[in-house]
Asker: 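Quick one: this structure, given as structure tokens, is what I'll be asking you about.
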2 protein chains.
Amino acid sequence: MLTIGKLGAQAGVKVPTIRYYEQIGILPEAERSAGNQRLYSRKALERLAFIRHARDLGFTLEAIRDLLSLSDNPDQSCAAADAIAKAQLAEVESRLARLTALKAELERMVVQCAGGRIADCRVIEVLGDHSLCTTDHRHPESEASA
Amino acid sequence: MLTIGKLGAQAGVKVPTIRYYEQIGILPEAERSAGNQRLYSRKALERLAFIRHARDLGFTLEAIRDLLSLSDNPDQSCAAADAIAKAQLAEVESRLARLTALKAELERMVVQCAGGRIADCRVIEVLGDHSLCTTDHRHPESEASA
DNA sequence: TTAATGTCTCTAGCAACTATAGCTTCAAGG
DNA sequence: CCTTGAAGCTATAGTTGCTAGAGACATTAA
Ligand SMILES: [Zn+2]
Ligand SMILES: [Zn+2]
Ligand SMILES: [Zn+2]
Ligand SMILES: [Zn+2]
């Protein structure tokens with residue numbers, strides 16, 4: 001049995017984050033010691049590592065909640081899990097496309113500035129006028145983390 | 001003079017967002033009509049368009065605040081503005097690198113799954129074990145939007 | 001035994017909005 | 001002139017995924 005600190009260290013998750021996961025119900029309520037401190041089993045460590053890894057891959061906690069409940073029923077079809085992963089892949093691809101456009105515009109801005117006064121700064125000029133951009137980089141959909 | 005609704009329509013910004021920008025002081029307090037409604041000049045539209053464009057390029061409101069105050073002093077050197085843009089470019093490049101790694105891992109997961117039961121699902125398996133990954137995709141630094 | 005660390009609960013804060021409630025003002029039609 | 005509906009007002013709370021504090025209790029090592 002691990003204390004919350006040890007668990008966090010092993011899984012690479014901060015202690016308050018673990019309590020937060022319990023609070024939102026993505027980790028089950030932990031057992032408690034005589035002195036009311038949380039105690040975790042190896043199973044809990046695996047579950048937390050799963051969450052951590054999925055977060056690192058950009059899945060939302062909502063998606064992870066679904067993935068966990070799927071993984072708790074090993075005999076079901078994995079179609080739903082695959083669909084979640086595919087949706088996440090699509091999300092990543094769309095963000096990648098957008099970031100690539102942003103990178104191009106930022107590079108252009110930075111390169112074109114001759115480094116004089118603000119009045120002649122290409123960075124300020126482009127920021128004030130999207131028609132000076134070559135790509136269509138506007139904010140299309142949601143922008144979570146990842 | 002534009003009402004807040006017209007301003008929002010012209011700049012592509014939702015009305016509550018404009019009020020929010022005013023509240024946090026990135027837009028100056030608007031003039032008011034006799035009936036206490038906000039009225040905006042062409043200058044305000046330009047300022048809002050600048051903000052919108054910079055947000056679309058992923059700059060934080062804090063960075064935009066600095067860019068705006070620079071652009072209000074046209075005779076200064078533009079070095080500070082260029083530095084902000086370069087920092088944003090670096091941020092975008094680092095996100096791009098990470099998303100590229102995520103994409104590779106997600107593709108591998110999705111491709112490798114044969115589509116049977118959860119117990120044999122490669123998606124679930126990889127999520128539970130980072131050592132099955134080929135890249136080092138762990139969460140490195142801050143992850144704002146963009 | 002005492003001091004240092006770890007853990008407990010609860011609350012508030014971060015970014016950048018978005019949504020809701022309950023009101024007032026405005027513009028157009030009858 | 002009056003009514004109706006859209007648009008505006010303020011203020012507050014919710015979103016996502018945590019993170020940071022306050023103040024009290026538990027555990028462990030010297
Ligand atoms: Zn410049
Ligand atoms: Zn642009
Ligand atoms: Zn599968
Ligand atoms: Zn991995």
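Residue numbers begin at 1 in each chain, while the letters A, B, ... track the order of the sequences. Note that this is a predicted model, so its numbers are computed, not measured.
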Asker: Working to the nearest 0.5 angstrom, can you tell me the gap between Leu96(A) CG and Leu96(B) CG?
Answerer: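 Spacing of CG (Leu96(A)) from CG (Leu96(B)) equals 5.5 Å.
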Asker: Please report the distance, rounded to the nearest Å, between CG in Leu27(A) and C1' in dC18(D).
Answerer: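 It works out to 14 Å between those atoms.
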Asker: Test of understanding: with side chain to side chain contact (heavy atoms under 4.5 Å, CB included), list the residues that count as partners of Asp120(B), not counting sequence neighbours.
Answerer: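 Per chain and number, Asp120(B) pairs via side chain to side chain contact (heavy atoms under 4.5 Å, CB included) with Arg117(B).
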Asker: Go through Gln37(B) and Leu39(B) one step at a time and tell me if the side chain to side chain contact (heavy atoms under 4.5 Å, CB included) criterion holds.
Answerer: CA-CA 7 Å; Gln37(B) 304 198 343; Leu39(B) 292 178; 5.8 Å; no
Asker: Please check if any side-chain donor atom of Glu105(A) sits under 3.5 Å from a side-chain acceptor atom of Thr135(A), or the reverse.
Answerer: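 Yes, a side-chain donor-acceptor pair sits under 3.5 Å.
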Asker: Return the value, rounded to whole Å, for the distance between atom CD1 of Ile64(A) and atom P of dG17(D).
Answerer: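 Checked: the CD1 to P distance equals 8 Å.
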Asker: For dT7(C), does either OP1 or OP2 sit under 4.0 Å from a side-chain N or O belonging to Thr3(A)?
Answerer: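 So the side-chain polar atoms of Thr3(A) do come within 4.0 Å of the phosphate oxygens OP1 or OP2 of dT7(C), strictly under.
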Asker: For Arg52(B) and Ile4(A), find the nucleotide of DNA chain C closest to each by heavy atoms; which residue's nucleotide sits nearer the 5' end?
Answerer: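 Looking at DNA chain C, the more 5' nearest nucleotide goes with Ile4(A).
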Asker: Return the value, rounded to whole Å, for the distance between atom CZ of Arg19(A) and atom C1' of dC10(C).
Answerer: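 One finds 11 Å between C1' of dC10(C) and CZ of Arg19(A), rounded.
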Asker: What is the distance from CD of Gln23(A) to P of dA12(C), rounded to the nearest Å?
Answerer: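 Interatomic distance, CD of Gln23(A) to P of dA12(C): 13 Å.
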Asker: Please report, rounded to the nearest Å, how far the P atom of dG8(D) is from the CD atom of Glu22(B).
Answerer: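 That distance rounds to 14 Å.
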Asker: Would you call Glu46(B)-Arg42(B) a salt bridge at under 4.0 Å N-O?
Answerer: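 Result for this pair is no, no salt bridge flagged.
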Asker: Once you round it to whole Å, what is the distance between C1' of dT10(D) and CD1 of Ile18(B)?
Answerer: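 Roughly 16 Å, once rounded to whole Å.
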Asker: Between Arg52(B) and Asp56(B), does at least one N-O distance fall below 4.0 Å, as a salt bridge requires?
Answerer: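 The answer is yes: the pair qualifies as a salt bridge.
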Asker: Apply side chain to side chain contact (heavy atoms under 4.5 Å, CB included) to Leu57(A) and Gln88(A), showing your working.
Answerer: CA-CA 9 Å; Leu57(A) 287 163; Gln88(A) 175 60 16; 5.9 Å; no
Asker: Please output the side-chain donor-acceptor pairs of residues 122-133 of chain A that fall under 3.5 Å, not counting sequence neighbours, one pair per line with the distance.
Answerer:
| residue | atom | partner | partner atom | Å |
| --- | --- | --- | --- | --- |
| Arg122(A) | NE | Gln112(A) | OE1 | 2.4 |
| Arg122(A) | NH2 | Gln112(A) | OE1 | 3.1 |
| Asp129(A) | OD1 | Ser131(A) | N | 3.0 |
| Asp129(A) | OD1 | Ser131(A) | OG | 2.7 |
| Asp129(A) | OD2 | Ser131(A) | OG | 3.2 |
| His130(A) | ND1 | His137(A) | NE2 | 3.1 |
| His130(A) | ND1 | His53(B) | NE2 | 3.2 |

Asker: Categorize Phe59(A) for me: base, sugar-phosphate, or nothing, with a 4.0 angstrom heavy-atom threshold over every strand shown.
Answerer: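 No contact.
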Asker: Name all pairs fulfilling the side chain to side chain donor-acceptor pair (under 3.5 Å) condition that reach into residues 12-22 of chain A, sequence neighbours left out, sorted by first residue then second.
Answerer: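 The answer is Glu22(A)-Arg38(A).
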Asker: How long is the gap from CG on Leu99(B) to CZ on Arg98(A), to the nearest 0.5 Å?
Answerer: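 It is 11.5 Å, given to the nearest 0.5 Å.
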Asker: Pairs counted only when both distances fall under 3.5 Å, Watson-Crick or G-U: show me the 5' to 3' dot-bracket for DNA chain C, [ ] for pseudoknotted crossings and | for other-strand partners.
Answerer: ||||||||||||||||||||||||||||||
Asker: Can you tell me the distance, in whole Å, between the CG atom of Asp56(B) and the C1' atom of dA16(C)?
Answerer: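 Going from Asp56(B) (CG) to dA16(C) (C1'), I get 13 Å.
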Asker: Atom CD of Glu29(A) and atom C1' of dC8(C): how far apart are they, to the nearest Å?
Answerer: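 Result: 14 Å.
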Asker: Listed in order of residue number, which residues of residues 30-42 of chain A have a non-hydrogen atom at under 4.0 Å from DNA chain D?
Answerer: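 Output list: Ser33(A), Gly35(A), Gln37(A).
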Asker: Treating Ile, Leu, Val, Met, Phe, Trp and Tyr as nodes and any side-chain heavy-atom pair under 4.5 angstrom as an edge, say whether Ile24(B) and Leu67(B) lie in one connected cluster.
Answerer: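 Yes, because Ile24(B) and Leu67(B) connect within a single hydrophobic cluster, where side-chain heavy atoms sit under 4.5 Å apart.
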Asker: For Asp82(B) and Val110(A), what are the C-alpha separation, side-chain angles and deciding distance, and is it a side chain to side chain contact (heavy atoms under 4.5 Å, CB included)?
Answerer: CA-CA 7 Å; Asp82(B) 295 5; Val110(A) 163; over 6 Å; no
Asker: So, is Tyr21(A) near the phosphate of dG17(D), with a side-chain N or O under 4.0 Å from OP1 or OP2?
Answerer: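 For dG17(D), OP1/OP2 do not have a side-chain N/O of Tyr21(A) under 4.0 Å.
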Asker: Anything under 3.5 Å between a protein N or O and an N or O of nucleotides 19-21 of chain D, put it in a table, one pair a line.
Answerer:
| residue | atom | partner | partner atom | Å |
| --- | --- | --- | --- | --- |
| dT19(D) | OP2 | Thr17(A) | OG1 | 2.9 |

